[in-house]
Amino acid sequence: MIHFIPFEKSSDNKKMKKLYQQEFPKAEQIPFWLLMRKAKKENVEFYQLKDENKWIGLLYIVQYQDIVFIFYFAIYRSLQGQGFGGKVMQEITKRFQGKRIVLNIEEVSKTAKNYEQRFKRKQFYERYGFHESGFMVREINIWYEILIHGEKKLTGEDYQKLIASFLGKALYPFFKPKLARKEG
């Protein structure tokens, strides 16, 4: 059984930081201290993921109205392919049933150096009910596809408000994401 341990109850914040820094490219990382600070907000949840007593990964979620945004999700590389990611996705969709669950993945472009990895990542999320939202987002010169779980739609305005609720009035103007309709 997968356990979601809130960061403030975890004794392994150093492990969480290390996993975060290993699994996400520097260009995609928010400073860890800022993640920790923002995780104290009412609409943010930062979890250490455990399977029984084994530390398996991390999950960072931002909520806004009926939107649950999976900001960061990582399973240790040595444990990938063992079903842990799927178990976490099943638990997330169960916990947030009836809400719009949203996440970003790197654009699946055949010209990308890691095309195969991006393609497999998208297939993974599709197996758990995610599909294209119809939007792309550019954050710091990286294009992402926005995926959504379930039948409900996501508007560009919804996405902007979600990100603004996380960043706050001081940071949002500097990091406002650029949205575009996904072609094809």
Side-chain angles (χ1 to χ4, degrees), residues 1-64 67-97 99 101-106 112-114 116-130 137 139-142 144-147 149 162-163 165-168 170-171 175 177:
M1 181 175 175
I2 303 295
H3 300 279
F4 291 57
I5 313 297
F7 87 96
E8 65 270 9
K9 293 182 181 172
S10 171
S11 59
D12 294 324
N13 287 343
K14 287 182 182 177
K15 282 185 180 180
M16 291 172 75
K17 180 178 181 179
K18 186 176 180 181
L19 176 61
Y20 171 72
Q21 291 173 334
Q22 287 175 341
E23 292 302 318
F24 298 97
K26 283 217 180 291
E28 297 179 18
Q29 293 179 20
I30 292 175
F32 195 76
W33 66 266
L34 185 57
L35 285 181
M36 297 293 282
R37 182 172 175 206
K38 294 287 186 181
K40 294 176 182 174
K41 291 177 69 175
E42 191 174 296
N43 67 326
V44 179
E45 300 172 38
F46 194 9
Y47 294 111
Q48 172 189 27
L49 302 172
K50 284 191 170 183
D51 180 55
E52 300 310 321
N53 290 322
K54 183 192 300 189
W55 205 100
I56 62 166
L58 65 81
L59 177 66
Y60 196 93
I61 292 174
V62 177
Q63 294 190 59
Y64 173 75
I67 302 170
V68 176
F69 181 57
I70 301 173
F71 209 132
Y72 292 106
F73 170 52
I75 300 292
Y76 273 109
R77 281 186 198 162
S78 62
L79 298 174
Q80 291 177 5
Q82 298 180 34
F84 293 118
K87 288 179 183 177
V88 172
M89 283 294 111
Q90 289 172 340
E91 182 62 28
I92 289 170
T93 56
K94 187 172 122 186
R95 278 184 185 212
F96 299 109
Q97 189 172 358
K99 294 192 177 201
I101 306 171
V102 177
L103 56 85
N104 295 342
I105 60 169
E106 290 174 302
K113 291 179 185 176
N114 65 340
E116 189 72 24
Q117 180 187 40
R118 292 176 184 203
F119 182 75
K120 286 181 180 179
R121 185 176 295 129
K122 187 172 183 178
Q123 284 184 317
F124 168 80
Y125 288 116
E126 288 174 340
R127 278 195 304 274
Y128 294 97
F130 286 85
V137 62
E139 296 173 358
I140 312 174
N141 296 322
I142 301 170
Y144 298 92
E145 293 183 41
I146 302 174
L147 303 182
H149 183 271
L162 162 76
I163 299 303
S165 77
F166 173 70
L167 292 174
L171 293 176
F175 299 102

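Quick note: numbers below take in every heavy atom, side chains included, and nothing from hydrogens, waters or symmetry partners.
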Exercise for the section: Assert yes or no for the condition that the ring centre distance of Y20 to Y60 is strictly below 6.0 Å. Expected result: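 No, too far apart.
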
Compare all side-chain heavy atoms of [X] with those of [Y] and state whether any distance is below 4.5 angstrom.
X    : Y   : answer
L79  : K54 : yes
Y144 : E28 : yes
Y125 : M89 : yes
I2   : F4  : yes
V68  : R95 : no

Where the side chain of [X] meets the backbone of [Y], is there a donor-acceptor pair that is under 3.5 Å apart?
X    : Y    : answer
N43  : V62  : no
K87  : M1   : no
K38  : F166 : yes
Q117 : K113 : no

Do you know which two heavy atoms are closest between [X] and [Y], and how far apart they sit?
X    : Y   : value
I30  : Y72 : N-OH, 3.3 Å
L103 : I70 : CB-O, 3.8 Å
I101 : F96 : CD1-CB, 3.9 Å
Y128 : G86 : OH-CA, 3.2 Å

Practice task
Kindly check if the number of other-residue, nucleotide or ligand heavy atoms within 6.0 Å of NZ (K18) is above 12?
Solution key: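 Result for NZ/K18: open.
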
Problem - Other residues, nucleotides, ligands: >12 heavy atoms within 6.0 Å of F119 CZ - result: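 Open.
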
Problem - Partners meeting side chain to side chain donor-acceptor pair (under 3.5 Å) with Y47 (sequence neighbours left out) - result: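 Applying side chain to side chain donor-acceptor pair (under 3.5 Å) to Y47 gives E45.
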
Exercise for the section: With side-chain contact (heavy atoms from CB on, under 4.5 Å) as the test, would you mind laying out the steps for F69 and N104 before giving the verdict? Expected result: CA-CA 9 Å; F69 181 57; N104 295 342; 3.6 Å; yes

